[in-house]
Amino acid sequence: MIKTIAKPSEKKVTGCGECRSTCQSACKTSCTVGNQSCERVTREQKIERK
Amino acid sequence: MIHVFTYHDKHYIYDTGSGALHECDEATARHLKGEPVAFTDEELKATLSDLAALKSSGLLDAPETNARPIKSNEVKALCLHVSHDCNLRCRYCFADEGAYHSVREVMSFETAKAAIDFLLRESGNRKVLEVDFFGGEPLMNLDVVKKTVYYAKEEGAKLGKKFLFTTTTNGLLLDDETIAFFNAEMENVVLSLDGRKQVHDEVRKTVNGKGSFDAVIEKIKRFVKARGDKHYYVRGTFTAKNLDFAKDVLFLADNGFDSISLEPVVTDIPDLQIREEHLPAIEREYELLADEYIKREAEGKGFLFFHFQIDLEGGPCLQKRVSACGAGNEYFSVVPCGDIYPCHQFAGDVNFKMGNVFEGKLDGALRAKFAESCLFTRKKCEGCFAKFICSGGCNANNYHYCGDINEPYPMTCAMMKKRIECAMHVLAERKSREK
């Protein structure tokens with residue numbers, strides 16, 4: 001038995017560079033790129049919700 | 001590449017190529033690990049069929065990305081060291097208790113202005129810029145912080161650029177006026193608090209050598225209460241003295257802080273340094289924390305722990321994931337005299353001085369070295385399941401422990417991998433509840 005928990009959603013944009021600088025997150029010692037969000041997708045989702 | 005791991009009685013498969021996470025039964029996990037399994041013919045057939053279906057849908061053994069790092073010479077962010085002085089004397093401070101191995105000084109407004117001008121000039125077409133007020137203790141130079149914020153907003157508006165500001169503070173000088181200013185202007189505020197009083201006081205001392213917990217806890221609570229739904233992090237450090245650090249995270253949560261980060265100390269002080277023999281205890285502690293995290297979330301009393309927030313469905317694109325943190329190329333630190341360094345953790349190291357904001361030029365060779373540094377230049381990461389999540393770790397951490405920004409420090413890797421497994425389990429449990 002195998003069930004998929006999560007898989008990346010399809011994104012329209014890649015490599016745009018709009019994302020925030022990684023070291024601006026909380027830690028400043030254990031910066032983790034994977035903890036970040038895609039700024040453009042987040043913005044588009046906000047617009048869609050509105 | 002797949003990573004098969006077990007968390008308590010749950011078995012997971014993480015596929016690095018697709019970024020998908022699957023849960024499976026024990027027999028499947030053992031089969032994938034190459035261990036002997038007493039399958040019946042029917043069970044084996046069903047398992048192989050499941051695996052084949054996942055493969056054909058690109059969610060297992062998927063080819064890894066050929067995405068190349070983002071190539072840009074736009075500067076996105078600056079860390080402004082507005083104060084190379086501090087009103088605390090924390091034993092583990094990487095910044096030499098605020099002085100950065102030099103004289104105690106604060107940044108003038110002229111220097112801060114020149115830094116903002118540098119950022120605006122070097123930011124190309126980028127519309128959103130970030131400035132982080134850092135120290136030492138930035139509130140010891142609050143006037144310059146305020147003036148810099150207003151100057152940046154005014155100059156940015158002329159060019160159609162927006163600033164996001166962050167301040168990292170120990171909270172000692174927080175008062176109502178500062179709180180109001182932060183809430184009006186700061187996108188994020190990071191407040192240093194290590195957890196339980198005895199843990200905090202052991203290392204975070206005042207100039208007079210007393211523990212600082214009592215002096216900051218109520219101020220930080222007042223700040224968080226006034227913060228509303230705006231971003232903040234209560235950010236602590238754990239050392240060899242509190243390997244039971246889950247208690248500190250939970251202590252912070254019990255005190256009403258719902259956005260928490262707790263990081264392993266970066267130090268070579270013998271009684272504080274995290275060493276290899278501490279790893280089993282640290283890994284156990286992350287599991288304890290994850291278990292309680294899940295329990296509280298299920299009870300509606302959840303909080304946010306920075307390292308358990310890994311978004312496998314969204315998150316950054318693959319180009320970003322292979323580009324590493326951007327220090328020394330899109331992110332720089334500026335110290336009080338205006339000198340520029342790749343990031344705050346390189347500040348004061350003459351080998352990494354990249355320029356000065358008054359001259360406005362960056363050392364091209366050094367910048368190129370940092371710009372080239374990415375997941376693919378970190379050869380040890382090639383076979384690691386975590387590589388598209390951690391992106392090869394922190395340049396400064398790599399350099400300070402291993403002498404090379406491209407050489408990951410095994411201890412950091414081990415802790416990172418454990419946190420990622422815990423985060424994946426947290427995600428799986430959350431998904432299970434949502435169904």
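A note on names: the letters A, B, ... follow the listed sequences, proteins ahead of strands, and every chain is numbered from 1. Bear in mind that the values here come from a model prediction, so they are computed numbers and not experimental data.
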Mutual orientation of the aromatic rings belonging to F346(B) and H400(B) [parallel < 30°, tilted 30-60°, perpendicular > 60°]: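 The rings of F346(B) and H400(B) sit tilted, inter-plane angle from 30° to 60°.
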Plane angle bin for F305(B) and F308(B) - parallel if under 30°, tilted between 30 and 60°, otherwise perpendicular: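 Perpendicular.
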If I measure from the heavy atoms of chain A, does [X] come under 4.5 Å with its side chain, its backbone, both, or neither?
X: L262(B); value: neither
X: A324(B); value: backbone
X: E74(B); value: neither
X: L59(B); value: side chain
X: F134(B); value: side chain
X: L21(B); value: both

Sequence-distant partners of S323(B), side-chain hydrogen bond (donor to acceptor under 3.5 Å, both in side chains), two or more places apart: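 Result, side-chain hydrogen bond (donor to acceptor under 3.5 Å, both in side chains) vs S323(B): none returned.
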Flag, side chain of S391(B) to backbone of F388(B), donor-acceptor distance under 3.5 Å: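 It does not hold such a pair.
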Interface moiety of S37(A) toward chain B, non-hydrogen atoms closer than 4.5 Å: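 Looking at S37(A), just its backbone touches chain B.
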Ion pair check, E18(A) and R40(A), cut-off under 4.0 Å: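 A salt bridge is present here (some side-chain N lies under 4.0 Å from a carboxylate O).
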For D25(B), all residues meeting side chain to side chain contact (heavy atoms under 4.5 Å, CB included), sequence neighbours excluded: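 With neighbours one apart ignored, the set is M1(A), A27(B), T28(B).
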Aromatic ring proximity Y12(B)/H425(B), centre distance under 6.0 Å: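 Yes: the rings meet the under 6.0 Å criterion.
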Pair Y341(B) + F332(B): ring centers closer than 6.0 Å: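 Not close enough - the centres of the two rings lie 6.0 Å or further apart.
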Inter-chain contacts: residues 426-435 of chain B against chain A, heavy atoms under 4.5 Å: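 If one takes a 4.5 Å heavy-atom cut-off, the residues of residues 426-435 of chain B near chain A are L427(B), A428(B), K431(B).
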Pairing residues for K417(B) by the salt bridge (charged side-chain N to carboxylate O under 4.0 Å, His left out) criterion, not counting sequence neighbours: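 Per chain and number, K417(B) pairs via salt bridge (charged side-chain N to carboxylate O under 4.0 Å, His left out) with no residue.
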